[in-house]
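Naming convention: chains lettered A, B, ... in sequence-line order (proteins, then strands); numbering from 1 in each chain. Below, all heavy atoms of this structure are taken into account, side chains as well, without hydrogens, waters or symmetry copies.
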2 protein chains.
Amino acid sequence: MTSTDPTPRPAVRPTRQRRAVAAALAGFDDFRSAQEIHDLISRQGESVGLATVYRTLATLADAGEVDMLRNEDGEAIWRSCSDTHHHHLVCRTCGATVEVEGPAVERWTSAIATEHGYGDISHTLEIFGTCPACR
Amino acid sequence: MTSTDPTPRPAVRPTRQRRAVAAALAGFDDFRSAQEIHDLISRQGESVGLATVYRTLATLADAGEVDMLRNEDGEAIWRSCSDTHHHHLVCRTCGATVEVEGPAVERWTSAIATEHGYGDISHTLEIFGTCPACR
DNA sequence: AACATCGTGAGAATCGTTCTCATGTCGTCC
DNA sequence: GGACGACATGAGAACGATTCTCACGATGTT
Ligand SMILES: [Mn+2]
Ligand SMILES: [Mn+2]
Ligand SMILES: [Zn+2]
Ligand SMILES: [Zn+2]
């Protein structure tokens, strides 16, 4: 009783621009803004419109291939990530990022939510600090 | 060996505008944007400039009297809060908010940070869901 | 009352992000 | 390989939240 493909997605075409964004993402470990990523690409000689960078990042984020979070100024920052649920420990100074997991925290959030009658839960959790290299 | 006042703050003057913002904040429990708060004030017959609303909210946030967080669109939203460290369980539909505390989570975040050599830690944690009234 | 300082507001300016739409590219079927 | 419909791109305009400017008002202190 295997169900048929439930989502006949329009199919994402492999374009030069998308490859450029993917390549840029592969080149750093910390979180970068769309504009920084756009600059990185330009500096590598390629040309990709800023709007396309935004569109591509949004697509990748939907697909769960990149994480997007907001810095203290509210700007969206992005980086490629593993495909499992996780959170981040981010250096406030240099941006160095560690992916962290915490089953206990996951359990706690859903317990709290249930306790108050909330359903359909999601959560955001980011830890900021100063990394060993920046102390 | 009591030290002298380390911070001779300029003293915040009690103005009509600041009272209006405080009164507006007292009128709701959920998170609202600066513009919504500005509208609330106007609707109550008073007139306070939008820039002043922003300035007052920022001051109150610095003083720890209001919480500011960002919704999924990155907009800053605000509400008055208790003076102890806490997090929020927010209804995605109506905004109903519950303040929650979790000593275990606090311990976990600092443990994780220490484990990776990070210092001077802070963190953000928000839980979103659908409240009982909205299910 | 006079003065120094702080607060306010209207509108301009910022700036990240999204939208428009004419044009380019991809995949597919002949 | 040419034709075609769908998807993708980019330049610039448009948007929208937030901040800045600066002339003017309010506060509190002597
Ligand atoms: Mn989690
Ligand atoms: Mn906490
Ligand atoms: Zn660092
Ligand atoms: Zn609700």
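- Nearest nucleotide to the side chain of B:R13, out of C:dT8, D:dT9, C:dC6: C:dC6.
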Criterion ring pair (Phe, Tyr, Trp, His ring centres under 6.0 Å) on A:H88 and A:F31, from CA distance to verdict: CA-CA 10 Å; A:H88 303 101; A:F31 283 86; 4.8 Å; yes
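- Evaluation of the side chain to side chain donor-acceptor pair (under 3.5 Å) test over residues 15-31 of chain B, restricted to residues two or more places apart or in two chains, returns B:D30-B:R32.
- Applying the 4.0 Å criterion to OP1 and OP2 of D:dG10, one finds that A:Q17 has a side-chain N or O inside that range.
- Counting only heavy atoms from C-beta outward, the side chains of A:V53 and A:W78 never approach each other to under 4.5 Å.
- When rounded to the nearest whole Å, the span between NE2 of B:H38 and C1' of C:dG9 equals 10 Å.
- If you find the closest nucleotide of DNA chain D to B:R19 and to B:A34, the one lying nearer the 5' end belongs to B:A34.
- Here B:S47 lies in heavy-atom contact (under 4.0 Å) with sugar-phosphate atoms only.
- An OP1 or OP2 oxygen of D:dA17 is reached within less than 4.0 angstrom by a side-chain nitrogen or oxygen of B:Q35.
- Per the geometry, CZ belonging to B:R16 stands 11 Å off C1' belonging to D:dG25, to the nearest Å.
- Between the C1' atom of C:dC15 and the CD atom of A:E36 lies a distance of 14 Å, rounded to the nearest Å.
- Here the side chains of A:I37 and A:F28 are in contact, with some heavy-atom distance below 4.5 Å.
- A straight line from CG of B:L50 to C1' of D:dT21 spans 15 Å, rounded to a whole angstrom.
- Atom-to-atom, CG of B:L60 to P of C:dG7 comes out at 12 Å; the value is rounded to the nearest Å.
- Rounding to whole angstrom units, CD1 of residue A:I77 and P of C:dG16 are separated by 13 Å.
- Here the nucleotide nearest the side chain of B:T52, chosen from C:dG9, D:dT9, D:dA11, is C:dG9.
- Contact annotation for B:R55: base contact, defined as any heavy-atom pair under 4.0 Å involving a base atom.
- Residues A:E99 and A:R79 are paired through a salt bridge, judged by an N-O separation under 4.0 Å between the basic side chain and the carboxylate.
- In this structure, the helix from C:dA1-D:dT30 to C:dC30-D:dG1 shows an angle of 20° between the axis at its start and the axis at its end, each fitted on 5 base pairs and rounded to 10°.
- With C:dG7, D:dT9, C:dT18 as the choices, the nucleotide that has an atom nearest any side-chain atom of A:Y54 turns out to be C:dT18.
- Using a 4.5 Å cut-off on side-chain heavy atoms (C-beta onward), A:V98 and B:Y118 make contact.
- Residue B:R18 is classed as a sugar-phosphate contact, given heavy-atom separations below 4.0 Å to backbone atoms only.
- Nearest nucleotide to the A:T15 side chain, out of D:dG10, C:dG9, D:dT9: D:dT9.
- The interatomic distance linking A:I37 (CD1) with C:dG16 (C1') rounds to 14 Å, in whole Å.
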Where do B:H123 and B:H87 land on the ring pair (Phe, Tyr, Trp, His ring centres under 6.0 Å) test, with the steps shown first? CA-CA 10 Å; B:H123 60 267; B:H87 299 280; 5.1 Å; yes
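- Within the 4.5 Å cutoff, side-chain heavy atoms of A:D67 are placed close to those of A:H86.
- In this structure, the CD atom of B:E75 is 14 Å from the C1' atom of C:dT18, given to the nearest Å.
- You'll find that the side chain of A:A51 is closest to D:dA11, out of D:dA11, C:dT17, C:dG27.
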